[in-house]
Each structure stands twice: as C-alpha cells, then as structure tokens.
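Notes follow once the structure below has been shown.
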Amino acid sequence: RSPPVPSRPRGESFLASALRARCNQCTDERRRRAIGTTFASRNFNRMKKQSLTRRRFLQHAATIAIVPAAVPGRAQAAPRNRLTVGLIGAGGRGTGVMNSFLGEKDAQVIGVCDPYETHFRDQTAGRAFGWKPAAELVGRRYKTKPCAHYADYRELCARKDLDIVIVGTPDHWHAVQTLEALRNGKDVYCEKPVTHFFAEGQAVYREVAKRKAIFQTGSQQRSDHRFRLAVEIVRNGLLGDIKEVQVGLPGGTHNDTGDTTARDYSKHKDYQLWTGPAPLLDYTFSRHHRNWRWHLAYGGGQLMDWIGHHNDICHWALGEDRRGPTRVEAKNFTQTKAKTYNAPPHYEVHCEYAGGIRTSMGPHNTMGMKMIGTEGWVHVTRGKITCSKPALLKPDFNPGPFKGYLSPGHTRNFLDCVKSRKETICPAETAHRSITPGHLGYVSNTLGRALKWDAKKEQVTGDTEAQKLLTQMTHRKPWTLG
C-alpha cells in the first residue's frame with residue numbers, strides 16, 4: 001500500500017506534488033532520475049503556471065501513473081481518478097441517488113449531510129434514514145467505518161477534497177444548497193424539480209454557466225430508452241405534424257397522512273435546519289419528511305413533483321429545451337380538504353407552443369406523455385411505450401437521422417461528463433425550462449387569467465402583476481441565494 005501524498009509546498013501544483021511523491025518512493029536511482037528529472041523538467045514549470053485543479057488533473061490521469069492518495073472514511077487508499085461525492089439530504093430519495101453513485105467504481109462517497117441523525121420518513125418505525133444510516137450504508141458498501149457526516153450542508157460543501165455534491169433535499173432547499181456547492185467549486189447532481197421558485201431556477205442555470213460547472217438534474221426518464229425512442233419518432237416526423245400533447249401527471253390528496261397535531265419546534269435545531277429558507281411553520285408529523293410536498297411552503301404538489309419528468313420529455317420531443325410555451329392558462333385547480341396541506345388535488349395547465357401546438361398537463365390525462373400528430377400518435381410512460389404504428393417500436397427499426405442524446409444511465413452520464421466537461425443529458429437550464437409552465441400555471445391560477453409568455457426574454461408579456469408574482473421569492477434569513 002502506498003502512503004498518502006504528502007502536503008505540497010506553497011505554489012506547487014497537485015500534479016507536481018503527486019509526481020514528486022512518486023519519485024521519492026523509487027529505490028532505483030536511474031528510475032528516479034528518469035521520472036524526477038526528464039518528466040519534471042519538461043512539464044513541472046508549465047504545470048505550475050497552469051495550477052491544475054483536481055478535475056483538470058483527472059482528465060490527464062488516464063495517461064499518467066500516480067500514487068493513490070488517502071480518502072477520508074475509507075480504510076484502503078483510493079486512486080486519484082475517483083471522483084469524490086457528498087450527499088445533502090439523506091432521506092428516501094437522497095439515499096436512493098447516493099446508492100447509484102456507490103455502484104460506480106470511479107466514484108467515492110466521502111460524506112453525508114442531514115439535519116436529522118435518524119428518522120423513519122413518513123413512518124414511526126421501520127427503515128431508518130438520516131445522516132447516521134446513510135453514513136453506515138457507505139461504510140457497509142466500502143467495508144470500512146461509516147463515512148464523515150454533517151448536519152450543516154455548508155460544512156460539507158467547504159471540503160477541499162470534494163468534487164461532487166448531490167442535492168437530494170426537499171424542493172425549498174434546492175437552489176440555496178446548489179448555489180453553495182457551485183460557489184465552492186463543486187459539480188452538482190440535483191433532484192427535480194430543479195428549484196422551488198422560478199427566479200431560483202434562473203439563478204442556478206446562470207451560475208452553472210458562469211462557473212462552467214457540470215450539472216445534472218434528476219429527471220432520469222431522459223436516460224431511459226423508451227422515452228428516447230418516443231422523442232426520435234416525433235423528431236424524425238414519423239407522426240406528421242404534431243398538433244397536441246397530453247401530459248399525464250398524478251393527482252394530489254384530500255387526506256392527511258399521519259398525526260396532524262401542531263407542535264412548536266422553533267427551538268429544535270434539526271427542525272430549524274430542515275425548514276431553512278421556508279417559513280417556520282409549526283411542526284406536524286403529517287407534513288414532515290416525505291409528505292412535505294403537499295404544502296406549498298416546501299414543494300408544489302403533484303404538479304411540480306412530476307412536471308420535471310413527463311413535461312421534460314414533452315419539451316425534448318418538441319425541441320423546446322431552451323425555449324417554452326407562448327401562452328399558459330390554469331384550469332380547474334381545486335382546494336384540498338386536508339388539514340395540513342394546501343397543494344391542489346386537481347389541476348390542469350394548458351399551453352400553446354410555436355406552430356399552434358397545444359399541450360395540457362394534469363391528472364385528467366393518462367399518466368405519461370402522448371404526442372398526437374397528423375399521421376399518428378405515440379404514448380410513453382415508465383416501463384411502457386405504445387404507438388398507432390406498431391412497426392415503429394420494433395427493436396431493429398431505425399427512426400431516422402435525428403438521434404436523441406444517448407445516455408448510458410443517468411448517474412453514469414453525469415460522472416462521464418464531470419470528467420469530459422461535456423454537457424449532461426439534463427442540464428440546469430433544460431430542467432428550468434421544463435418546469436416553467438408549472439410556475440406560470442400557479443400564477444395563472446392565482447390571478448384567474450391566461451398569460452402570454454416570451455420564452456426568449458423569460459417574461460410575461462403585457463402583465464406586470466403576473467411578472468412580479470412569477471419572480472417573487474421568499475427566503476427566511478439567513479438562508480438566501482447570496
């Protein structure tokens with residue numbers, strides 16, 4: 001086993017330090033001279049001037065032999081071509097995403113973060129979540145002691161040896177934590193919807209572009225072959241001109257889940273951290289952890305919970321990844337009968353796109369996405385694709401020259417892009433544009449009128465009241481966008 005790379009002198013690059021350590025291990029003087037003199041004299045001065053970051057080093061690692069370096073929380077030294085990963089939000093979804101990284105040989109989870117040591121999601125017993133079970137899961141997977149753990153995400157993001165941050169928290173935290181990670185030089189994998197507020201989405205995708213960071217949104221359907229096939233069928237014109245799109249999303253609930261007793265937890269540090277930028281409401285078991293999404297302080301109900309899935313595919317198929325609708329109108333939003341929730345159980349968002357294409361989203365449509373053209377239709381949902389022309393679905397059928405972004409898997413695509421610095425299959429702006437009709441739908445419902453939308457400028461046309469409402473954000477101090 002090779003020892004960790006020693007601390008490097010001030011001003012010496014990471015690559016130079018690693019090679020110097022390798023040279024010091026050589027017992028063969030001629031080999032030491034070959035590595036320490038020939039290679040060093042050719043490259044060290046240039047590398048010092050470039051001051052390699054760890055990610056740039058990884059791009060060169062395939063052709064350079066480097067001694068392994070120690071990774072915190074791992075008994076055996078890990079090679080430097082592994083990308084180090086930290087998780088924020090060790091609940092059900094966050095832990096699930098982390099599991100996908102644990103299965104990748106070139107990724108190393110080195111830290112987890114959650115305000116709670118242990119909780120049981122929407123149950124009172126059973127499978128445990130929180131930082132302790134997550135850290136122990138990492139230890140079991142790597143056959144080591146549990147990895148490092150944190151209650152405050154800022155401590156995790158500040159780690160200098162961290163490459164990637166997974167944001168798996170409730171929606172109201174996404175933007176604040178993503179921006180913290182980006183400003184600490186990390187690449188980010190963030191669950192959908194990418195942000196809770198519209199203006200947060202703009203801040204995130206602009207920060208990603210500014211820092212040339214790699215960002216993946218957890219809209220995993222883009223990495224599924226059925227959804228890609230549906231997109232290729234549409235984009236190659238096999239259904240003729242698209243006239244209508246039916247986006248089916250789940251309905252909400254009229255029933256509280258669990259105890260609805262309100263308690264004052266304002267002095268509980270874990271609840272304060274969980275609430276973060278959202279209003280500090282009384283704690284109720286029924287809207288904590290898994291069921292937070294039914295309250296608009298934390299999420300956007302089923303509309304915003306699922307729009308980043310099926311409407312994301314709708315935008316991909318229509319070629320609207322960097323654009324959006326021209327008109328949005330909310331219809332038939334209903335009020336819940338639940339005591340501790342306020343998201344609408346039923347909702348419909350009707351949109352118009354360039355060329356007169358009409359779309360509708362909501363539980364009134366069959367779950368999934370159905371594209372209807374002048375020459376046929378295709379419907380795709382998780383695990384199933386059907387078409388008015390069955391021949392288009394045969395395994396050996398070639399839809400045509402347009403090929404959708406081919407992903408080897410959502411996590412794998414992200415890791416590959418972190419190394420290559422190429423754009424992922426679902427980057428920040430794409431995710432923001434996919435959920436924009438949902439944000440506009442809520443504004444339309446509040447004001448009781450249809451909205452005209454300038455997608456290029458990202459502005460409501462001729463309606464200052466709607467524009468103000470759309471861009472409004474509420475963040476409880478000190479949890480702001482910075």
* Asked: CG of D187 to CZ of R211: how many Å apart, nearest 0.5 Å?
  -> 12.0 Å
* May I ask you to decide whether E320 forms a salt bridge with R235, counting only side-chain N to carboxylate O separations under 4.0 Å? => no
* Return yes if some donor-acceptor pair links the side-chain N/O of K370 with the main-chain N/O of V378 below 3.5 Å, else return no. => no
* M361 side chain reached by I307 side chain, heavy atoms, under 4.5 Å -> yes
* To do: Assess whether ring-ring contact (aromatic ring centres under 6.0 Å, His included) is satisfied between W274 and W173, documenting all intermediate values.
  => CA-CA 9 Å; W274 183 91; W173 262 120; 9.3 Å; no
* To do: Apply the test ring-ring contact (aromatic ring centres under 6.0 Å, His included) to residues H475 and F197: give CA-CA distance (whole Å), side-chain angles for both, the deciding distance (0.1 Å), then the verdict.
  => CA-CA 10 Å; H475 294 102; F197 296 117; 5.8 Å; yes
* Asked: So, H119 versus F285, ring centres under 6.0 angstrom or not?
  -> no
* **Straight-line distance of D312 CG to R433 CZ, nearest 0.5 Å** => 13.5 Å
* Within the side chain of Q216, is there an N or O that forms a donor-acceptor pair under 3.5 Å with the backbone of T411? -> no
* **Ring geometry between H149 and W131 (parallel below 30°, tilted from 30 to 60°, perpendicular above 60°)** => parallel
* Asked: Are the ring centres of Y189 and F101 closer than 6.0 Å?
  -> yes
* Nearest-0.5 Å distance, CG of residue N255 to OG1 of residue T336 -> 7.5 Å
* Does D454 pair with K456 as a salt bridge, N-O distance under 4.0 Å? -> no
* To do: Would you confirm whether E191, through its side chain, and G168, through its main-chain N or O, come within 3.5 Å as a donor-acceptor pair?
  => no
* **For N342 against L296, the heavy-atom pair lying closest together** => OD1-N, 2.7 Å
* Do N99 and R141 get their side chains close enough for a donor-acceptor pair, meaning under 3.5 Å? -> yes
* Taking H174 for the side chain and C190 for the main chain, is one N or O donor matched with an acceptor at less than 3.5 Å? -> no
* **Gap separating the CG atom of D282 from the CZ atom of R287, nearest 0.5 angstrom** => 7.0 Å
* Asked: Parallel, tilted or perpendicular: which describes the rings of W453 and F198, with under 30° parallel and over 60° perpendicular?
  -> perpendicular
* For E244, look at atom CD and say whether over 12 heavy atoms of other residues, nucleotides or ligands are found less than 6.0 Å away. => yes
* Classify the ring geometry between Y298 and H295 as parallel (under 30°), tilted (30 to 60°) or perpendicular (over 60°). => tilted
* Asked: If only atom types and distance count, is the side chain of T195 paired as donor or acceptor with the main-chain N or O of G201 below 3.5 Å?
  -> yes
* Y353-H315 aromatic ring centre distance below 6.0 Å -> yes
